[in-house]
Protein chains: 2
Amino acid sequence: MKIGDLEKQSGISAHTLRYYEKSGLLKPSKRGDNNYRHYSNEDLITAKFIKRSKACGFSLAETSSLLAIKTDKSQHVCAEAKAITHNKLQEIEEQIQRLEQMKETLSKLHHYCCGGQESAEFCSIISALEEGE
Amino acid sequence: MKIGDLEKQSGISAHTLRYYEKSGLLKPSKRGDNNYRHYSNEDLITAKFIKRSKACGFSLAETSSLLAIKTDKSQHVCAEAKAITHNKLQEIEEQIQRLEQMKETLSKLHHYCCGGQESAEFCSIISALEEGE
DNA sequence: ATAAACCTTAGAGTATGGTTTAAGGTCAAG
DNA sequence: CTTGACCTTAAACCATACTCTAAGGTTTAT
Ligand SMILES: [Zn+2]
Ligand SMILES: [Zn+2]
Ligand SMILES: [Zn+2]
Ligand SMILES: [Zn+2]
């Protein structure tokens with residue numbers, strides 16, 4: 001499979017696949033005489049693995065760690081995978097909390113502003129930002 | 001007030017204040033003979049405005065738009081401020097949804113993995129990433 | 001007088017996850 | 001045999017929001 005084929009099969013652009021290679025995430029199993037990248041079926045699985053990992057919110061670095069486990073399962077233990085997942089879960093929960101806090105503040109601002117065509121002289125959004133604690 | 005004083009009063013680092021100036025967010029009202037920046041009380045209010053705006057999740061560009069309204073209220077209308085707030089609110093709600101989706105997926109992965117010291121051969125986290133739809 | 005603390009600038013570096021460009025080599029169809 | 005599709009590389013660029021560095025000028029306290 002050439003890079004263009006993998007692009008179609010995996011939904012990851014050729015550009016990005018080359019970038020992933022440079023980042024050590026996915027090396028093609030072979031290079032042809034013309035130096036073209038050749039990907040195996042296992043490489044396709046890896047590409048999809050990366051895609052799912054990203055969909056879970058894992059960074060490329062974290063994905064890299066997960067891939068290391070996947071690639072050599074017998075040399076790794078469940079605890080490692082669970083720790084990575086646990087950390088990400090916490091991180092995401094913290095992000096959600098921050099965003100919920102913002103959402104609440106913004107909802108109030110949004111609610112109290114009339115949103116009309118009148119001068120912003122007494123706009124509650126602007127005053128809240130000027131004078132909030 | 002010199003930049004160090006504003007740093008203390010506003011809680012925004014001098015570095016960042018200079019960066020904000022370069023970005024057009026907060027220009028000191030004067031420069032001394034020695035070219036030092038001199039900030040007024042109004043500048044302090046503006047600095048705090050920026051800080052609150054950031055705390056609401058507004059980007060520097062959005063903060064800049066809000067500042068333009070604040071600075072010249074009579075030339076702006078509520079509708080403008082409300083539109084900016086509305087967009088941000090939507091954006092944040094979308095982010096929360098994405099994160100909630102990730103959280104759900106991760107929670108399942110986390111729940112099913114034993115997390116023990118046994119080989120990752122049959123780790124549910126790794127297999128889910130390998131074989132998920 | 002001299003040292004510490006503060007100020008100035010332009011520009012480079014950091015982090016993330018790519019995207020784009022330039023300049024060119026290879027392959028398959030008509 | 002040429003045209004267009006596809007492949008190669010290194011390196012620059014994008015966005016965001018800083019953060020730091022280098023090299024130097026100023027103020028203040030002792
Ligand atoms: Zn109004
Ligand atoms: Zn309003
Ligand atoms: Zn297990
Ligand atoms: Zn496991």
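Protein chains get the first letters and strands the later ones, always in sequence-line order, with residue 1 at the start of each.
The list of ring pair (Phe, Tyr, Trp, His ring centres under 6.0 Å) pairs with a residue in residues 67-111 of chain A, not counting sequence neighbours, reads A:His86-B:His110, A:His110-B:His86.
In this structure, B:Arg18 reaches the bases: a heavy-atom distance under 4.0 Å links it to at least one base atom across the strands shown. Residue B:Ser23 is classed as having no contact, given no heavy-atom separation below 4.0 Å to the nucleic acid.
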So which protein N/O to nucleotides 18-22 of chain D N/O distances come out below 3.5 Å?
{"residue": "D:dC18", "atom": "OP2", "partner": "B:Tyr20", "partner atom": "OH", "Å": "2.9"}
{"residue": "D:dC18", "atom": "OP2", "partner": "B:Lys54", "partner atom": "NZ", "Å": "3.3"}

Please tabulate the protein-to-nucleotide N/O contacts below 3.5 Å involving nucleotides 26-30 of chain D, giving atom names and distances.
{"residue": "D:dT26", "atom": "O4'", "partner": "B:Tyr36", "partner atom": "OH", "Å": "3.2"}
{"residue": "D:dT27", "atom": "OP1", "partner": "B:Asn34", "partner atom": "ND2", "Å": "2.9"}

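Rounded to an integer number of Å, the gap from CD1 of A:Ile50 to C1' of C:dG18 is 14 Å. Rounded to whole Å, the distance from CD1 on A:Ile12 to C1' on C:dT19 is 15 Å. For the pair A:Phe58 CZ and C:dT16 C1', the interatomic distance rounds to 17 Å; values are reported in whole Å. In this structure, the CG atom of A:Asn35 is 15 Å from the C1' atom of C:dC27, given to the nearest Å. Following rounding to the nearest Å, B:Leu17 (CG) and C:dT9 (P) show an atom-to-atom distance of 13 Å.
Between A:Leu89 and B:Lys103, the shortest heavy-atom contact is CD1-O, 3.7 Å.
One N or O on the side chain of B:Ser124 and one on the backbone of B:Cys113 form a donor-acceptor pair closer than 3.5 Å. Counting only distance, with no hydrogens or angles, the side chain of A:Asp43 and the backbone of A:Leu26 share no donor-acceptor pair below 3.5 Å.
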Check: residues 12-25 of chain A side-chain donor-acceptor pairs under 3.5 Å, at least two apart:
{"residue": "A:Ser13", "atom": "OG", "partner": "A:Thr16", "partner atom": "N", "Å": "3.0"}
{"residue": "A:Ser13", "atom": "OG", "partner": "A:Thr16", "partner atom": "OG1", "Å": "2.9"}
{"residue": "A:Glu21", "atom": "OE1", "partner": "A:Arg37", "partner atom": "NE", "Å": "2.6"}
{"residue": "A:Glu21", "atom": "OE1", "partner": "A:Arg37", "partner atom": "NH2", "Å": "3.4"}
{"residue": "A:Glu21", "atom": "OE2", "partner": "A:Arg31", "partner atom": "NH2", "Å": "3.3"}
{"residue": "A:Ser23", "atom": "OG", "partner": "A:Tyr19", "partner atom": "O", "Å": "2.8"}

Kindly list each side-chain donor-acceptor pair under 3.5 angstrom involving residues 55-75 of chain A, sequence neighbours excluded, with atom names and distances?
{"residue": "A:Ser59", "atom": "OG", "partner": "A:Ala61", "partner atom": "N", "Å": "3.4"}
{"residue": "A:Ser59", "atom": "OG", "partner": "A:Glu62", "partner atom": "N", "Å": "3.1"}
{"residue": "A:Ser59", "atom": "OG", "partner": "A:Glu62", "partner atom": "OE1", "Å": "3.3"}
{"residue": "A:Glu62", "atom": "OE1", "partner": "A:Ser59", "partner atom": "N", "Å": "2.7"}
{"residue": "A:Glu62", "atom": "OE1", "partner": "A:Lys88", "partner atom": "NZ", "Å": "3.0"}
{"residue": "A:Glu62", "atom": "OE2", "partner": "A:Lys88", "partner atom": "NZ", "Å": "3.4"}
{"residue": "A:Thr63", "atom": "OG1", "partner": "A:Ser53", "partner atom": "OG", "Å": "2.7"}
{"residue": "A:Thr63", "atom": "OG1", "partner": "A:Ser59", "partner atom": "O", "Å": "2.7"}
{"residue": "A:Ser65", "atom": "OG", "partner": "A:Ala61", "partner atom": "O", "Å": "3.3"}
{"residue": "A:Lys70", "atom": "NZ", "partner": "A:Glu42", "partner atom": "OE2", "Å": "3.3"}
{"residue": "A:Lys70", "atom": "NZ", "partner": "A:Thr46", "partner atom": "OG1", "Å": "2.8"}
{"residue": "A:Thr71", "atom": "OG1", "partner": "A:Leu67", "partner atom": "O", "Å": "2.7"}
{"residue": "A:Lys73", "atom": "NZ", "partner": "B:Glu130", "partner atom": "OE2", "Å": "3.1"}

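Listed by chain and residue number, A:Val77, A:Ala79 satisfy the side chain to side chain contact (heavy atoms under 4.5 Å, CB included) test with B:Gln117 (two or more places apart in sequence, or in another chain).
Grouping the Ile, Leu, Val, Met, Phe, Trp and Tyr side chains by contacts below 4.5 angstrom, directly or via other members, places A:Leu6 apart from A:Ile45.
Contact annotation: A:Arg37 side-chain N/O to D:dT8 OP1/OP2 distance is under 4.0 Å.
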